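In this text the structure is predicted, and so the values were computed from the model without any measurement. In what follows, chains are A, B, ... by sequence order, proteins preceding strands, each numbered from 1.
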2 protein chains.
Amino acid sequence: MNPMTEDESRAFLSSGSRTGKLGTVRRDGRPHVTPIWFVLDGDDLVFMTHEGSLKGKILRRESRVMLSVDEEVFPYAFVLVEGRATLERPTAEELWPWSRRIAERYVPADMLDATAKRNAVEGELLVRVAMSKITGIRGVAS
Amino acid sequence: MNPMTEDESRAFLSSGSRTGKLGTVRRDGRPHVTPIWFVLDGDDLVFMTHEGSLKGKILRRESRVMLSVDEEVFPYAFVLVEGRATLERPTAEELWPWSRRIAERYVPADMLDATAKRNAVEGELLVRVAMSKITGIRGVAS
């Protein structure tokens, strides 16, 4: 097990089509975890979700989140992010550049416009997680 | 987006070296999420963690968990598991078959014995999550 530097952790988070597993807490105290598409923007981790989604509802009430991003091949590696989420409710036009930037990371070129357009709609929240703690470990099983 | 049958979800959970991202809730109400190695055993999802680990400590207090297992390539797929964890504190000898079965899933053959031995030690908890809800979705981005 070897700790990553913060730069290495950030590079790991942004590499390829790795998804984030967003951990939140429901009103009744149960945990919730679900995969998200995200990009880094300075010290923020940015993703989109619909205001009607379970995570959208949770985040309106409770800003504390944690994310896990990992590599599922030997010798395994992971980066954990803790922070607080702030929500923005942009217009479809304001969402477009984010929707496109996120789609660029996750879908093939021929799906890019269709995916970005589908997600840049009224009701989608732009979520910014101010990353207060980043922990990266590689060589977990070595 | 296409829902998986429960059989498909179980096959997805058990395929290859996919890790589970275990969501729990800390004493102060913050979420915790971290990758785990696991296997299915009937209706239980089984993993090991040290009693001194943060998730070990959390699980002694709060049994409700959720897990996300996903495929990070287009068109993306995921399975979410909800349930309650029960903890067993086996001897090293009792742990051995579980440690070996989990290592078989996650490490190359030449690392198998060393990894299984390293994890089958006093203080390791065997955690069984009785899966009460399994939700599988494939073709998320298609």
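Ranked by heavy-atom pairs under 4.5 Å with chain A, the list G23(B), A114(B), G16(B) is led by G23(B). The candidate from M111(A), M66(A), R18(A) with the greatest count of non-hydrogen atom pairs under 4.5 Å with chain B is M66(A).
With salt bridges taken as basic N to acidic carboxylate O contacts below 4.0 Å, none links R89(A) and E124(A). In summary, K21(A) and E72(B) engage in a salt bridge, as defined by a charged side-chain N under 4.0 Å from a carboxylate O. Between E93(A) and K117(A) there is no salt bridge, since none of the side-chain N atoms of the basic residue sits less than 4.0 Å from a carboxylate O of the acidic one.
The part of V140(A) that comes within reach of chain B is its backbone (N, CA, C, O), which places non-hydrogen atoms under 4.5 angstrom from that chain. Within the 4.5 angstrom heavy-atom criterion, only backbone atoms of T24(A) (N, CA, C, O) approach chain B. If you measure heavy-atom distances from R84(A) to chain B, you find no contacts under 4.5 Å at all.
The side chain to side chain contact (heavy atoms under 4.5 Å, CB included) test with V127(B) singles out one residue from D44(B), T49(B), T86(B), V65(B), and that residue is T49(B).
Below 30°, between 30° and 60°, or above 60°: for Y106(A) and Y76(B) the angle between ring planes is above 60°, a perpendicular geometry.
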